[in-house]
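All chains are named by letter (A, B, ...) in the order of the sequence lines, taking the proteins before the strands, and each is independently numbered beginning at 1.
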Protein chains: 2
Amino acid sequence: MATIKDVARKAGVSTATVSAVMNDTAFVSPELRARVVTAIRELRYEPSLAARNLRRSRSQLIALAVADLSNPFYARIVWSAEAAVAAWGYSLVLFNSDEKPDTERRILSRIRTLGCDGMVLVPVGAANQYQPHEFEGIATVLLGRSIEGNSADTVTIDNWAAGRQAVDYLLDLGHRRIGSITGPMQLSTSKGRHDGMIDAMAARGLAPQPGHVRSGEFREEAAYSVARDMMGSPDRPTAIYVANGVMAIGVMRAIADLGLRCPQDVSIASTDTVAGAGGLKPRLTRTEHPIADMTNEALRLLVDRIEERGSEPVRNIVFQPALIVGESCMPLRANVG
Amino acid sequence: MATIKDVARKAGVSTATVSAVMNDTAFVSPELRARVVTAIRELRYEPSLAARNLRRSRSQLIALAVADLSNPFYARIVWSAEAAVAAWGYSLVLFNSDEKPDTERRILSRIRTLGCDGMVLVPVGAANQYQPHEFEGIATVLLGRSIEGNSADTVTIDNWAAGRQAVDYLLDLGHRRIGSITGPMQLSTSKGRHDGMIDAMAARGLAPQPGHVRSGEFREEAAYSVARDMMGSPDRPTAIYVANGVMAIGVMRAIADLGLRCPQDVSIASTDTVAGAGGLKPRLTRTEHPIADMTNEALRLLVDRIEERGSEPVRNIVFQPALIVGESCMPLRANVG
DNA sequence: AGACTTCAGCGAAACGATTAGCTATCGGAG
DNA sequence: CTCCGATAGCTAATCGTTTCGCTGAAGTCT
């Protein structure tokens with residue numbers, strides 16, 4: 001691989017001039033410029049990012065660490081993020097913490113070592129697992145989940161509103177015995193959606209039965225077994241709010257396996273987008289996140305921080321969920337419950 | 001950010017010693033080692049990859065360029081690849097060529113500039129769009145699709161067998177009027193699956209009607225409109241082979257919108273995995289790729305090339321598809337067709 | 001004409017690590 | 001007591017860029 005010195009020698013100029021031509025950082029006479037350009041072309045010279053970055057202490061890399069790559073929700077984020085990162089002139093380094101705080105810790109250290117200019121993180125740990133200065137020295141935007149007491153920029157949805165919207169919808173259909181299946185309570189997403197659900201019921205003077213409020217891992221299998229358990233008992237709920245799309249799939253499978261029908265026997269409403277949105281039957285009634293918008297916004301904030309090296313105040317952007325009515329809910333009938 | 005010099009100063013040793021401790025590359029007395037380790041911890045020192053890589057001329061980066069990040073098939077590859085790359089001690093830089101040769105060209109140049117140690121590429125262009133030495137100087141494994149006449153390692157599936165298996169299955173159910181919807185013919189995947197389909201029919205002395213063999217973009221929308229067109233005519237096929245999971249979703253949607261039922265009115269068999277495998281109804285009968293195995297194998301080959309800097313012979317690994325029977329096909333009945 | 005600007009282009013010092021080669025110390029052999 | 005080999009640890013060169021500060025030629029002003 002040719003280096004800048006080879007180019008300089010071949011063009012009969014100094015390396016400084018070559019650099020100036022490459023970066024348009026100083027005026028170079030047309031004649032010299034032409035010689036340099038020719039030399040670059042003939043030698044097939046490509047500047048070494050390693051050297052350039054060492055010098056500039058930038059890497060042109062943006063890291064994205066998501067919580068679970070097997071979840072289509074995050075796959076969607078990855079898709080949007082790749083496009084946004086490329087559009088801003090960076091490249092995307094992808095990590096999957098797989099919902100494991102230990103893995104996340106390793107990833108954060110790796111991101112530092114790589115010298116990424118910034119990172120978008122979907123944190124997987126409880127707030128107290130992070131040092132106060134955990135993200136110091138590297139531009140950071142938390143996406144989807146926030147960490148209480150942390151000073152990084154965040155882009156999230158209004159989880160409380162999502163839970164409230166979905167459960168209000170079920171209540172409007174006449175359901176009273178409503179269950180919920182959410183993720184780990186130490187995550188801001190689970191907590192918010194759960195609270196929204198509770199508050200929606202409380203607003204009508206209701207409260208879910210103790211056994212009807214469950215939480216578990218944000219995974220299909222976890223949701224499946226919780227749902228089987230909850231729906232197996234005779235006083236099962238007539239409607240369920242499921243906090244996440246992948247879990248909703250597990251719940252629907254559990255219901256089918258129990259010989260129940262959705263929505264005839266049990267209504268299901270969930271939050272967040274769903275795998276195979278086009279093909280799932282019945283289509284889920286759900287509150288959707290504007291994933292692409294959120295991701296784009298996160299990267300806009302991040303690039304802003306990176307390039308301004310800014311001491312701007314912390315920004316917390318909250319997106320509102322939108323209720324999308326599918327076919328997975330129906331009004332409560334007398335013969336059910 | 002602390003540098004190796006800061007650590008050396010704080011520990012009262014030379015930078016060489018710090019480096020030796022970090023890399024375990026020379027014997028260091030327990031006492032000094034302890035001092036160094038303490039200093040590293042206290043300063044929260046993380047070595048700069050930029051500097052290290054400049055020196056070692058390696059980047060610890062492996063690039064993955066897939067054809068379409070919105071396709072769950074590639075999302076699945078990304079998932080597996082991230083895990084494999086991390087397991088080998090590298091980090092993953094992700095690119096999406098979005099099935100556009102121009103974008104792919106830019107990506108390849110970017111990968112060079114970044115100095116990635118190797119790349120896994122799902123090529124999107126026709127064979128003649130690549131220079132003979134296109135991938136010279138960077139370890140490369142082509143995944144899923146191959147480029148005729150190119151000397152890179154490849155990991156693919158036997159597309160011909162996939163098409164043949166699926167269509168043999170339809171033939172065994174008694175179908176004779178079988179249509180196919182595949183992707184662009186310049187791609188090895190489309191071509192192979194299409195040929196397998198034709199050969200399966202030819203083996204029984206059959207051939208598809210001209211209007212029943214269609215190809216288009218590997219996307220849901222493209223498949224939807226092609227399917228609507230094909231299934232709208234009175235002599236429509238009784239079964240369709242769809243070359244890809246995303247397209248299958250489009251086809252099923254088209255069928256539903258035409259008021260037809262699957263599998264009662266038309267059987268559908270496809271190749272490759274499907275979005276929302278858990279939730280789609282009816283579940284597709286399909287030939288599946290062992291995506292995780294393929295991806296792991298691709299990375300094994302790649303790391304092998306990177307670390308051996310090897311002149312080993314070119315390796316072409318071909319995986320066999322497996323027929324998974326769902327509920328999207330049924331035997332041909334007299335009243336159909 | 002002399003003094004002062006301007007500015008194209010160059011030389012060399014960074015950036016932060018690795019590593020070849022050297023120095024100094026120590027123990028043991030002659 | 002000297003000399004030698006072994007070896008822990010240091011010095012300094014190096015990787016390929018960017019960039020600060022300098023040089024000297026040309027242009028401008030009085």
Side-chain angles (χ1 to χ4, degrees), chain A residues 1-40 43-61 109-117 137-138 309, chain B residues 1-40 43-61 89 91 110 112-117 137:
Chain A
M1 205 62 169
T3 76
I4 198 173
K5 278 187 198 149
D6 301 324
V7 176
R9 198 175 319 121
K10 178 147 194 163
V13 300
S14 75
T15 62
T17 303
V18 178
S19 178
V21 169
M22 301 269 318
N23 303 298
D24 238 350
T25 176
F27 184 87
V28 176
S29 69
E31 188 206 356
L32 279 203
R33 157 168 263 116
R35 295 221 308 267
V36 170
V37 168
T38 309
I40 288 176
L43 292 173
R44 289 235 200 95
Y45 166 68
E46 303 251 10
S48 145
L49 256 210
R52 169 176 291 177
N53 291 338
L54 173 59
R55 188 54 232 244
R56 290 190 180 160
S57 58
R58 295 195 41 210
S59 67
Q60 314 229 58
L61 258 27
S109 143
R110 178 85 186 162
I111 289 174
R112 286 208 125 81
T113 317
L114 281 171
C116 294
D117 294 337
I138 175 166
R309 315 217 139 278
Chain B
M1 203 62 169
T3 77
I4 199 173
K5 277 188 199 148
D6 301 324
V7 175
R9 197 175 320 121
K10 177 147 195 163
V13 300
S14 76
T15 62
T17 304
V18 178
S19 177
V21 169
M22 302 267 319
N23 303 299
D24 237 352
T25 176
F27 184 87
V28 176
S29 68
E31 187 207 354
L32 278 203
R33 157 168 264 115
R35 294 223 307 267
V36 169
V37 168
T38 310
I40 287 176
L43 292 173
R44 292 240 198 92
Y45 166 69
E46 304 257 5
S48 144
L49 256 210
R52 171 178 288 177
N53 291 337
L54 174 58
R55 190 55 230 251
R56 290 192 178 159
S57 57
R58 294 194 42 210
S59 68
Q60 313 228 58
L61 257 27
S91 297
R110 177 86 187 163
R112 284 208 126 81
T113 317
L114 280 170
C116 294
D117 294 337

Enquirer: Between B/Q60 and B/L49, which heavy-atom pair has the shortest distance, and what is it?
Expert: NE2-CD2, 3.5 Å
Enquirer: Quick one: bend of the helix from C/dA1-D/dT30 to C/dG30-D/dC1 from 5 pairs per end, to 10°?
Expert: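 Inter-axis angle at the termini of the helix from C/dA1-D/dT30 to C/dG30-D/dC1: 60°.
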Enquirer: Could you tell me from which nucleotide to which nucleotide of DNA chain D, 5' to 3', there is an atom under 4.0 Å from chain A heavy atoms?
Expert: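 From 5' to 3', the first and last contacting nucleotides are D/dG16 to D/dT19.
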Enquirer: At under 4.0 Å between heavy atoms, what does A/S48 touch on the DNA or RNA strands: base, sugar-phosphate, or nothing?
Expert: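 Sugar-phosphate: the residue A/S48, judged by heavy atoms under 4.0 Å, touches backbone atoms but no base.
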Enquirer: Looking at residues at least two apart in the chain, or sitting in another chain, which of them share a side-chain hydrogen bond (donor to acceptor under 3.5 Å, both in side chains) with A/S14?
Expert: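 Scan of A/S14 (side-chain hydrogen bond (donor to acceptor under 3.5 Å, both in side chains), adjacent residues dropped) gives A/T17.
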Enquirer: Could I get the full list of side-chain contact (heavy atoms from CB on, under 4.5 Å) partners for B/S91, not counting sequence neighbours?
Expert: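 Here the qualifying residues are A/V93, A/F95, A/R110, A/L114, B/L61.
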Enquirer: Which heavy atom in A/C116 sits nearest to a heavy atom in A/I138, and how many Å separate them?
Expert: O-CD1, 3.6 Å
Enquirer: Considering residues at least two apart in sequence or located in another chain, which fulfil the side-chain hydrogen bond (donor to acceptor under 3.5 Å, both in side chains) criterion with A/S19?
Expert: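 A/S19: side-chain hydrogen bond (donor to acceptor under 3.5 Å, both in side chains) contacts with A/N23.
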Enquirer: Identify, with sequence neighbours excluded, every residue that meets side-chain hydrogen bond (donor to acceptor under 3.5 Å, both in side chains) alongside B/T38.
Expert: none
Enquirer: For a 4.5 angstrom cut-off between non-hydrogen side-chain atoms, does B/V28 reach B/V36?
Expert: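 Side chain of B/V28 against side chain of B/V36, heavy atoms only: no contact under 4.5 Å found.
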Enquirer: Restricting to side-chain hydrogen bond (donor to acceptor under 3.5 Å, both in side chains), what partner residues turn up for B/T113, sequence neighbours left out?
Expert: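 With neighbours one apart ignored, the set is A/E46.
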Enquirer: Apply side-chain contact (heavy atoms from CB on, under 4.5 Å) to A/P47 and list each qualifying residue two or more places apart in sequence or on a separate chain.
Expert: A/M22, A/Y45, A/R52
Enquirer: Tell me which of B/G12 and B/L54 sits closer to the 5' end of DNA chain D, going by the nucleotide each one is nearest to.
Expert: B/G12
Enquirer: Students often get this wrong, so: under 4.0 angstrom with heavy atoms, is B/V13 touching a base, only sugar-phosphate, or nothing?
Expert: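 Touches sugar-phosphate only.
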Enquirer: As an exercise, state the distance from CG of B/N53 to CZ of B/R58, rounded to the nearest 0.5 Å.
Expert: 8.0 Å
Enquirer: List the atom pairs, donor and acceptor, that lie under 3.5 Å between side-chain atoms in residues 1-12 of chain B and the rest of the protein, sequence neighbours left out.
Expert:
unit_1: B/T3; atom_1: OG1; unit_2: B/K5; atom_2: N; d: 3.1
unit_1: B/D6; atom_1: OD2; unit_2: B/T3; atom_2: N; d: 2.8
unit_1: B/K10; atom_1: NZ; unit_2: B/E42; atom_2: OE1; d: 3.3

Enquirer: Which atoms form the tightest heavy-atom contact between A/S59 and A/G115, and what is the distance?
Expert: OG-O, 2.7 Å
Enquirer: Using a heavy-atom distance cut-off of less than 4.0 Å, which residues of residues 21-34 of chain A contact DNA chain D?
Expert: A/N23
Enquirer: Using the salt bridge (Lys or Arg N to Asp or Glu O under 4.0 Å) rule, collect all pairs that involve residues 18-31 of chain B, keeping only residues at least two apart or in two chains.
Expert: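 Passing the test, one end in residues 18-31 of chain B: B/D24-B/R33, B/E31-B/R35.
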Enquirer: How would you give the extent of chain B contacts on DNA chain C, as first and last nucleotide 5' to 3' within a 4.0 Å heavy-atom cut-off?
Expert: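 Going 5' to 3' along DNA chain C, contacts run C/dG16 to C/dT19.
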